[in-house]
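One structure is given here, and the rest of the page talks about it.
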There are 2 protein chains.
Amino acid sequence: MKQLLKDHITKTVSLTDEEFDYFFSHFKPQSFKKGQTIISVGDKVDCEYFVISGCVKAFYINDDIKMYILQFAMPTWWTSDYAALYNQTKATINIDCISDVELLCLSNADREKLCAEFHQIEHFFRWRTNKGYVASQKRLLSFMNNNVKTRYEELLALYPQLYNLVPKHLIAAYLGVSRETLSRLYNS
Amino acid sequence: MKQLLKDHITKTVSLTDEEFDYFFSHFKPQSFKKGQTIISVGDKVDCEYFVISGCVKAFYINDDIKMYILQFAMPTWWTSDYAALYNQTKATINIDCISDVELLCLSNADREKLCAEFHQIEHFFRWRTNKGYVASQKRLLSFMNNNVKTRYEELLALYPQLYNLVPKHLIAAYLGVSRETLSRLYNS
DNA sequence: ATCCGAATGTGATCTACATCACGTAAGCAA
DNA sequence: TTGCTTACGTGATGTAGATCACATTCGGAT
């Protein structure tokens, strides 16, 4: 668990063992069972999460009780309601567990403290969000430009493990399409 | 011009006058006329741009020659092909000028140098990308959840100045809708 | 003023996808 | 086993928005 985070961080920045140990000491391990909720709409959000094992979904539910999935987070991915976390507002999305899950939890206050204390850590988090921003722009463009079939193929090409890991109706909710349409689509 | 950037930066971090002057010395002012191109698909991208005056659009053109606008950038906004800039790859989007435009140009190398030299500057750029990431996620969600009319009203509520500044067919290209549909929409 | 191209409006038709309805199969607890 | 819930398949029908075609209006250049 410690090693997974260390490998992840040191792909981007180099920390001494002491620095990493100090960094790591701010993370709180948490375990969840399949189906459990990590963040609910309306919650106060003060942590972000680094996924160690399992898979969570971050999703929005609209007034018609339709679900849209913003992110599947798998091992070495970070997740939270970042709008709520950064702006200190209530959660507008939910995060729950698709499988049994182990997480490392880092509070907003601790992240900011660590960023202020270690330039390298600030650098890491800048780099991480840069990646996220670029990925998000790319997904937006795919949404505008591509039909459902193309988006489905793109998704499976990028994350083949999702095919077995995640029920099809959740894939549909990620693609922003009805489960019926998705079903018809790959049976042809 | 210098003051606009200074006010923008100091909303997030505090720099001494000397620090800011040093920071500012890495920016190169550039002027463009309406219709001119700043970045074309296939270009080597090594700068990002801080908009001083005017408005640019960052857009993608697909094989059917349909245009999708990723961003309108107005004064105090930053723009570039960030995927290309961060990964040192060729541009996959275009950026051109909707009006006469003044920019401050900052190279990727200089940004990284400044970030490494000044912790506060790294902090600023982390904060900036955080904002961008959250906004991008929000737009993605709106795309999945809302119909064109709602997205149009959302856009004008957020950026009322766009209504007069930008031709309607570009608004349509931002919303990911045909200009005909948009026209019918607000004439009712 | 005159010209020309860009921007916009509007009808007719087409289509990708949603929605509704109903079915079957698989997992899981009592 | 039974019963229940969740996942998934598939037909019939509805609809938001795309596409095509053509008219009109506006703004800039000469």
Side-chain angles (χ1 to χ4, degrees), chain A residues 33-37 55 57 59-69 72 94 96-100 140-156 162-188, chain B residues 32-37 54-55 57 59-69 72 94 96-101 141-156 162-188:
Chain A
K33 290 285 169 197
K34 177 176 176 172
Q36 279 193 294
T37 298
C55 182
K57 63 177 194 281
F59 61 103
Y60 175 78
I61 302 232
N62 74 3
D63 298 339
D64 303 336
I65 320 184
K66 273 177 59 170
M67 174 176 64
Y68 297 101
I69 294 180
F72 294 115
N94 308 276
D96 69 22
C97 301
I98 293 178
S99 63
D100 290 357
L140 187 62
L141 198 53
S142 179
F143 238 95
M144 296 202 270
N145 189 33
N146 298 135
N147 62 17
V148 177
K149 183 166 192 183
T150 307
R151 298 209 304 277
Y152 178 64
E153 287 161 357
E154 240 175 41
L155 179 65
L156 289 190
L162 283 182
Y163 188 84
N164 298 311
L165 197 60
V166 172
K168 306 263 180 274
H169 72 275
L170 294 185
I171 304 272
Y174 182 92
L175 296 174
V177 78
S178 72
R179 58 167 199 83
E180 294 94 330
T181 297
L182 184 64
S183 166
R184 280 182 250 270
L185 215 132
Y186 57 66
N187 295 335
S188 62
Chain B
F32 292 90
K33 290 286 170 195
K34 177 175 176 173
Q36 280 192 293
T37 298
C55 182
K57 63 178 195 283
F59 61 102
Y60 175 77
I61 302 233
N62 75 2
D63 298 340
D64 303 336
I65 320 187
K66 274 178 57 172
M67 174 176 65
Y68 297 101
I69 293 181
F72 293 115
N94 308 275
D96 69 21
C97 301
I98 294 178
S99 62
D100 290 357
V101 165
L141 198 52
S142 179
F143 236 95
M144 294 201 272
N145 188 33
N146 299 135
N147 62 17
V148 177
K149 184 167 190 181
T150 307
R151 298 208 305 278
Y152 178 63
E153 286 161 357
E154 239 176 41
L155 179 65
L156 289 191
L162 283 181
Y163 189 83
N164 298 310
L165 197 60
V166 172
K168 307 264 181 274
H169 73 274
L170 295 185
I171 304 273
Y174 182 92
L175 296 174
V177 77
S178 72
R179 57 169 199 83
E180 293 95 330
T181 297
L182 184 64
S183 166
R184 282 183 249 269
L185 216 131
Y186 56 67
N187 296 334
S188 62

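Here the structure is a predicted model, which is why all the values come from computation and not from measurement. Each chain gets a letter, A, B and so on, in the order the sequences are listed, and its residues count up from 1.
- For the helix from C:dA1-D:dT30 to C:dA30-D:dT1, the rotation axes defined at the first and last 5 base pairs enclose an angle of 50°, given to the nearest 10°.
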(message) What does the B/S/- profile of nucleotides 11-24 of chain D look like, 5' to 3', with a 4.0 Å heavy-atom cutoff to protein?
(response) BB----SBBBB---
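- Separating the OG atom in A:Ser99 from the NZ atom in A:Lys34 is a distance of 8.0 Å, to the nearest 0.5 Å.
- Here the straight-line distance linking atom CG of B:Leu155 with atom CZ of B:Phe72 works out to 7.0 Å at 0.5 Å rounding.
- Residues satisfying the ring pair (Phe, Tyr, Trp, His ring centres under 6.0 Å) test with B:Tyr152, not counting sequence neighbours, are B:Tyr186.
- Taking the ring pair (Phe, Tyr, Trp, His ring centres under 6.0 Å) definition, one finds that A:Phe59 meets it with nothing, sequence neighbours left out.
- For the atom pair CD1 of B:Ile171 and CZ of B:Arg151, the computed distance is 13.0 Å after rounding to the nearest 0.5 Å.
- In terms of phosphate contacts, A:Tyr186 brings no side-chain nitrogen or oxygen within less than 4.0 Å of OP1 or OP2 of D:dC8.
- Within residues 162-174 of chain B, the residues that have a heavy atom under 4.0 Å from DNA chain C are, in order of number, B:Pro167, B:Lys168, B:His169.
- Here the side chain of B:Asn145 pairs no donor or acceptor atom with the backbone of B:Leu141 at under 3.5 angstrom.
- Distance A:Ile98 CD1 to D:dT6 P: 16 Å, rounded to the nearest Å.
- Remark: B:Lys57 is not positioned above the aromatic ring of B:Tyr174, lacking an NZ or CZ atom under 6.0 angstrom from the ring centre and at most 45 degrees off the axis.
- Under a 3.5 Å cut-off, the side chain of B:Asn146 and the backbone N or O of B:Thr150 do not form any donor-acceptor pair.
- Geometrically, A:Lys168 engages A:Tyr163 in a cation-pi contact defined by less than 6.0 Å to the ring centre and at most 45° from the axis.
- Taking CZ of A:Phe143 as the reference point, atom CE of B:Met144 lies at 5.0 Å (rounded to 0.5 Å).
- Counting heavy atoms from C-beta on, the side chains of A:Ser142 and A:Glu154 come closer than 4.5 Å.
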(request) Report, as a single string ordered 5' to 3', how protein heavy atoms within less than 4.0 Å touch nucleotides 25-30 of chain D: B base, S sugar-phosphate only, - not at all. (result) ------
(request) With side-chain contact (heavy atoms from CB on, under 4.5 Å) as the test, would you mind laying out the steps for B:Asn94 and B:Thr37 before giving the verdict? (result) CA-CA 8 Å; B:Asn94 308 275; B:Thr37 298; 5.6 Å; no
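- Separating the CG atom in B:Leu156 from the CG atom in B:Leu162 is a distance of 7.0 Å, to the nearest 0.5 Å.
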